[in-house]
Amino acid sequence: MALSNFLFLSLTFQLLLLLPVSSESSWIAGDVSQIPTKLLESAKSPEVFDWMVRIRRKIHENPELGYEEFETSKLIRSELDLIGIKYRYPVAITGIIGYIGTGEPPFVALRADMDALPIQEAVEWEHKSKISGKMHACGHDGHVAMLLGAAKILQEHRHDLQGTVVLIFQPAEEGLSGAKKMREEGALKNVEAIFGIHLSSRIPFAKAASRAGSFMAGAGVFEAVITGKGGHAAIPQHTIDPVVAASSIVLSLQHLVSRETDPLDSKVVTVSKVNGGNAFNVIPDSITIGGTVRAFTGFTQLQQRIKEVITKQAAVHRCNASVNLTPNGREPMPPTVNNMGLYKQFKKVVRDLLGPESFEEAAAVMGSEDFSYFAETIPGHFSLLGMQDETNAYASSHSPLYRINEDVLPYGAAIHASMAVQYLKEKASKGSVSDSHDEL
């Protein structure tokens, strides 16, 4: 009886292998040129689109700051469970890493950030932030929804994937280096390339923008306390005035860009806060200044010059100065540099997906993005997806009036999915899977 059962099962399995696979379930494995279009059609379907909108609005109503995204993470995990996607949690406190496909090389990653900002929302609408003083004012709620949309589509066709798609839901992008912490905890293990998308209110709807090489500047902050000797403002000769010293320091810092930097190599040094004193007729004992520094190259050298200028200018005015280049634990971020090969692949995918006019060559910007920690470790590509239309004005990010054009969500999901599928297909066709990678 056991032998007959075995023969029956064996024959049944062989017959199943001969059954034709429907075109609906196998298009990922079919004509490469049709993949992006099919993925966009799936993302635009009411089932996927309405689901993404619902998730995005839930996250928007309950914004959480960096490393505090516990409810956001819980929501993402519950959706991954419903889709049937395996994941690792926690990574970097609230982060999640999901896996779709064979569990074997090649591995390609897609990333979305999750955290909100300490901003009071000023937009009056049904799904306004329910948390006072906190708001998703940089589109991260949309980023999560788009990556989940891509995950849902890819999971439906997981058996056709020629490798593994890694989903990185990252905490603490806003100045707290969540990407660095995820990297340290193994988020990029086995991963050969990574892609990220950021929504932009400055680019036309459903157009993508990117550039090869340096895209976003490295960024850091600094804070200094200039200490003198306070006293009555009417007898300054008996004081050591830190206000005058701080004023000289602020002016001298501007020379680091105007006099010491190649005009073709963009850098920024901005003093954005000056605090000290609380009376009209009293010279304070100390002044605190702080600001930001941005650069594509020579970042460490610029930081050291900032420290030198502050301390030596303070000494000229008989004051002492202490300089902190990582106040509140805020470490500097490296510049975001896009890999040339991934850039070319992205441009082709976007044009295949959305048409020949859908891609814009982006200018380098002095804004920063901690995706750079991933992209300095493995080949990476970061891009912007436009959501501006002719009928509605959309405020820039980090504004209390910031809104998302939810109609763009399917485009982001489709671009994510298309990049992953195309990358895995190209790796498989070139036969360049590294033997050094392990299975999950």
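Remember, it's a predicted structure, so these values are computed and weren't measured experimentally.
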Quick check: closest heavy atoms across M114 and I76, and the distance to 0.1 Å?
SD-CD1, 3.5 Å

Salt bridge or not between K273 and E223? Use side-chain N to carboxylate O under 4.0 Å.
yes

Name the residue from E69, E68, E64 that meets the salt bridge (charged side-chain N to carboxylate O under 4.0 Å, His left out) definition with K134.
E68

Answer yes or no: is there an ion pair linking R158 with D160, defined by an N-O contact shorter than 4.0 Å?
no

Which heavy atom of H140 sits nearest to which heavy atom of H136, and what is that distance?
CB-ND1, 3.9 Å

Rounded to the nearest 0.5 Å, what's the gap from CG on L353 to CG on L40? Could you check?
5.0 Å

Atom CZ of F374 and atom CZ of F371: how far apart are they, to the nearest 0.5 Å?
7.5 Å

Could you tell me whether E61 and K128 have a side-chain N and a carboxylate O separated by less than 4.0 Å?
no

Considering non-hydrogen atoms only, spot the tightest contact between I168 and A187 and give its length.
CD1-O, 4.1 Å

In residues 202-217, what donor-acceptor pairs under 3.5 Å come from side-chain atoms, sequence neighbours left out?
residue : atom : partner : partner atom : Å
K207    : NZ   : E357    : O            : 3.4
S210    : OG   : N338    : ND2          : 3.2
S210    : OG   : H381    : NE2          : 2.7
S210    : OG   : F382    : O            : 3.3
R211    : NE   : S214    : O            : 3.0
R211    : NH1  : A362    : O            : 2.8

K307 side, atom NZ; Q303 side, atom CD - distance, nearest 0.5 Å:
10.0 Å

Do the side chains of R57 and E406 get close enough for a salt bridge, i.e. N-O under 4.0 angstrom?
yes

Salt bridge between K348 and D352, side-chain N to carboxylate O under 4.0 Å?
yes

Interatomic distance, CZ@F107 vs CD1@I378, rounded to 0.5 Å, equals 12.0 Å

Consider only side-chain N and O atoms of T297 and D265, and report whether a donor and an acceptor are under 3.5 Å apart.
yes

Salt bridge (Lys or Arg N to Asp or Glu O under 4.0 Å) between D370 and R111: does it pass, once the steps are laid out?
CA-CA 11 Å; D370 85 343; R111 173 267 203 175; 2.8 Å; yes

Looking at Y373, I'd like to know if the NZ or CZ of R183 sits under 6.0 Å from its six-membered ring centre while staying within 45 degrees of the ring's axis.
no

Scanning both residues in full, the closest heavy-atom pair of P63 with I131 reads CD-CG1, 3.7 Å

All side chain to side chain contact (heavy atoms under 4.5 Å, CB included) counterparts of K58, not counting sequence neighbours
R54, L75

Give me the atom names and distance for the closest heavy-atom approach of V257 to T261.
O-CB, 3.3 Å

Determine whether the side chains of K181 and Y67 contain a donor N or O and an acceptor N or O closer than 3.5 Å.
no

Nearest heavy-atom contact between E173 and S368 is OE2-O, 4.3 Å

